[in-house]
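The structure displayed is predicted, hence computed values, not measured ones.
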Amino acid sequence: MAMKRGVCRFGLWRVHVSWSGDTVYRVLFSKTGEGGDVPPEFRLYFSGKPINFGRLNSTGTEEGSPFAEIYREVLKIPYGQTATYGDIADLTGTNPRMVGNAMKRNPTPIIIPCHRVVSKSGIGGFTPDVEIKKLLLAMENANKSGN
DNA sequence: TAAACTGTCCCGC
DNA sequence: GCGGGACAGTTTA
């Protein structure tokens, strides 16, 4: 199956998705770009629907990846809720620094909801821009309970 | 308030 | 192929 590439709008940002069928290979944020198809889950999610991406597979989460266990725990965080780096570190038997590292290396943000992992005393960080994280959390918080 | 701790990836040799 | 530095945090002194 040929890999497709599409762009979905999220506020001022554009979400570039490389995917094929029900597998997502890469999710990137930028301020430019348009056109192409993205999986329907993305359009629903960015339109404010409290959906999950359970149908979609994403690369980087398969066994063998050093961060697989961390990603697996992050995937369990429900829509509209957050966990701290320390929580994930505790669950996976590593340390918070490692969790932040794993989030940064995460090839498919949104699907792996790294924006739901926050610092114990703040929002933490986000690549390429923490502003995206703030927007995502605000959106989920506004829609999680029937709006 | 400052420093140690941690595991992995990336870059330079 | 190997070694040093960097990193989206937390805890302790």
Practice problem: Spell out protein contact along nucleotides 5-10 of chain C as letters: B when the base is contacted, S when just the sugar-phosphate is, - when no protein heavy atom is under 4.0 Å; keep the 5' to 3' order. | Solution: --BBBS

[X] (side chain) donor-acceptor with [Y] (main chain) under 3.5 angstrom:
X      : Y      : result
A:W19  : A:D37  : yes
A:K133 : A:G125 : yes
A:N95  : A:M98  : yes

Practice problem: Search all heavy atoms of A:M103 against all heavy atoms of A:I70 and return the closest pair with its distance. | Solution: CE-CG2, 3.6 Å

Practice problem: For C:dA8 versus B:dT1, give the span between their C1' atoms, rounded off to a whole number of Å. | Solution: 22 Å

Quiz prompt | Dot-bracket encoding per residue of DNA chain C, Watson-Crick/G-U cut-off under 3.5 Å, | denoting interstrand | solution = |||||||.|||||

Exercise. Given ring pair (Phe, Tyr, Trp, His ring centres under 6.0 Å), test A:F10 with A:F29 step by step and report yes or no.
Key: CA-CA 9 Å; A:F10 177 61; A:F29 289 92; 7.5 Å; no

Practice problem: Mind running side-chain contact (heavy atoms from CB on, under 4.5 Å) on A:R116 and A:E140 for me, showing each step along the way? | Solution: CA-CA 10 Å; A:R116 293 177 193 151; A:E140 292 197 2; 2.9 Å; yes

Quiz prompt | Value in whole Å for how far the P atom of B:dT6 lies from CZ of A:F67 | solution = 16 Å

Quiz item: Do A:R14 and A:E34 sit within salt-bridge range, that is, some charged N less than 4.0 Å from a carboxylate O?
Solution: no

Quiz item: Does a salt bridge link A:K76 with A:E73, judged by any charged N lying under 4.0 Å from a carboxylate O?
Solution: yes

